[in-house]
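The structure under discussion appears below in the form of structure tokens.
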Number of protein chains: 2
Amino acid sequence: MQAAEVGSHCPGCSRGETAILSAAVKLFAEQGFDGVSMRGVAQAAGVSKSNIYHHFDSKEALYLAILRDCAAETAELVENLASGKSSFEERLKEFSKAYQGHLFERNLSSRLLLREALSGDEQKSKRVVDQVVGNVVRRMISILSAGQEAGVLRADLDPTLCAFLLFGSNVFFFQAQEILKHFPEAEFAGETTCFSDGMVDVLLNGMLNKPVEGERS
Amino acid sequence: MQAAEVGSHCPGCSRGETAILSAAVKLFAEQGFDGVSMRGVAQAAGVSKSNIYHHFDSKEALYLAILRDCAAETAELVENLASGKSSFEERLKEFSKAYQGHLFERNLSSRLLLREALSGDEQKSKRVVDQVVGNVVRRMISILSAGQEAGVLRADLDPTLCAFLLFGSNVFFFQAQEILKHFPEAEFAGETTCFSDGMVDVLLNGMLNKPVEGERS
DNA sequence: TTACTGACCGACCGTACGGTCAGTTTCATA
DNA sequence: TATGAAACTGACCGTACGGTCGGTCAGTAA
């Protein structure tokens with residue numbers, strides 16, 4: 001189920017550096033910056049602690065290197081989206097599903113990036129906005145604005161708010177996956193795409209100018 | 001703007017213990033468990049480190065005490081909600097607004113609790129579900145189910161999904177407040193209630209069985 | 001063979017950590 | 001005013017932290 005994560009393949013990197021990166025992304029994602037020790041990273045990577053300092057200047061530098069990798073992944077994924085030729089409504093559904101899939105596939109990277117973005121810390125947030133989510137969100141907003149001008153979306157809605165609802169709902173579902181397990185009545189919990197479909201349905205039929213009747217049974 | 005937080009008033013507690021709690025909740029909320037040292041708490045509280053150990057058995061015990069306070073606060077607040085006698089639609093709006101307000105008022109407590117709930121850690125999540133959010137979410141689900149049976153909400157929707165969308169959207173907005181500052185086009189960012197209104201509007205008009213035309217200009 | 005480079009290691013350093021303890025101050029009550 | 005409990009402190013302990021350093025070893029080009 002788990003796809004390639006940061007550091008699992010790294011052309012031009014020695015075996016040790018690759019091992020360090022993939023071990024570090026796992027540990028940082030699970031325990032956060034302060035919860036991880038360089039000794040722990042070294043042990044998990046099967047290298048000496050000194051070796052890490054041979055490849056990275058400091059703990060901070062190692063963390064930033066991983067953060068940059070995560071950022072590059074996300075940016076690349078979003079670049080592949082929004083370039084589709086299908087209908088507006090269909091593109092939004094596809095985007096949501098793809099984004100949801102991305103979050104779960106790159107579980108560790110996503111967790112790491114979200115922790116940084118939603119920490120509430122001003123500097124950390126600014127860095128994430130500048131280096132990662134800024135362009136993505138702006139792109140989504142412009143897409144939604146275009147949808148408004150085309151008459152597909154309600155004209156009285158704030159496209160920025162809609163963009164944040166789209167991202168936020170997916171992100172929250174991803175963050176709350178452990179919580180959801182404790183609610184047996186949530187049948188959609190196990191099925192990622194199932195949630196995404198239902199979510200977009202709710203959001204779209206609220207955003208669409210003309211509610212689509214008869215589309216569902 | 002900031003209302004009373006955990007530890008700011010604590011009948012039966014010595015001045016020192018109160019100071020320790022209010023300092024600790026701030027630090028833990030901002031920096032997480034591992035990012036906070038007992039020396040830091042002591043300094044922020046203006047007491048000796050030993051004094052903390054006079055009142056609390058360990059760092060873990062101090063953290064748990066704060067977590068329990070946060071949980072109690074939240075549970076109490078939610079108990080006051082959803083008991084209104086107004087219309088279904090109105091009650092959902094009120095709930096969302098009140099919950100949003102609560103998150104921002106109890107900024108530190110909320111951040112602490114959310115960090116614990118959304119950490120992805122199984123044990124932490126279970127504890128939060130059992131002690132705090134479990135009953136709240138179930139209550140919300142039952143409210144939504146009742147709304148379905150009354151014919152107000154679409155019958156083909158999963159009420160659990162709707163509940164999570166309602167909570168999740170508010171939570172994400174709260175978490176992303178620092179991110180939102182970097183998007184000048186988000187006019188709703190500063191106004192909490194403004195976001196809540198718009199959000200519920202989107203969600204409701206997607207959830208409502210019969211779309212209310214003419215309600216907005 | 002020599003000289004050099006990058007990957008890698010074990011031992012070590014100063015510091016800060018969580019936690020303990022003997023002892024002092026404060027203060028309500030007898 | 002004597003007493004005992006609770007509030008509180010500074011000095012200390014063992015440990016683990018991030019980071020450094022001297023050095024080994026394989027590969028490689030001259």
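Please read all numbers here as calculations on a predicted model, not as lab measurements. We name chains A, B, ... by the order of the sequence lines, and we start the count at 1 in each one.
Distance, B:L27 CG to C:dC17 P: 12 Å, rounded to whole Å. Distance, B:F56 CZ to C:dG18 P: 15 Å, rounded to whole Å. For A:K59 and C:dA16, the NZ to C1' distance is 13 Å, given to the nearest whole Å. At whole-Å resolution of the value, CG in B:D34 and P in D:dG18 are 11 Å apart. Rounded to a whole Å, the CZ atom of B:F33 is 12 Å from the C1' atom of C:dC17. C:dG19 atom P lies 14 Å from atom CD1 of B:I20, rounded to whole Å. In this structure, A:I52 places its CD1 atom 12 Å from P of D:dC17, rounding to the nearest Å. For the pair A:E17 CD and C:dA7 P, the computed distance is 8 Å after rounding to whole Å.
Residues meeting the ring-ring contact (aromatic ring centres under 6.0 Å, His included) test with A:F164, sequence neighbours left out: B:F183. With sequence neighbours excluded, no residue satisfies salt bridge (charged side-chain N to carboxylate O under 4.0 Å, His left out) with B:K59. With sequence neighbours excluded, the residues satisfying side-chain contact (heavy atoms from CB on, under 4.5 Å) with B:V133 are B:V128, B:V129, B:V137.
Contacts with DNA chain D (heavy atom under 4.0 Å) in residues 37-51 of chain A: A:S37, A:M38, A:R39, A:K49, A:S50, listed by number.
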Show me the side-chain donor-acceptor pairs of residues 33-54 of chain A shorter than 3.5 Å, one per line, residues at least two apart or across chains.
| from | atom 1 | to | atom 2 | distance (Å) |
| --- | --- | --- | --- | --- |
| A:S37 | OG | A:G40 | N | 2.9 |
| A:S48 | OG | A:N51 | N | 3.2 |
| A:N51 | OD1 | A:H55 | NE2 | 3.3 |

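OP1 or OP2 of D:dC8 sits under 4.0 Å from a side-chain N or O of B:H55. Using a 4.0 Å cut-off, no side-chain N or O of B:H54 falls inside it from OP1 or OP2 of D:dC8.
For residues 109-118 of chain A, every residue pair satisfying the salt bridge (Lys or Arg N to Asp or Glu O under 4.0 Å) rule, not counting sequence neighbours, is listed here: A:E116-A:R127.
Taking CZ of B:F95 as the reference point, atom NE2 of B:H102 lies at 9.5 Å (rounded to 0.5 Å).
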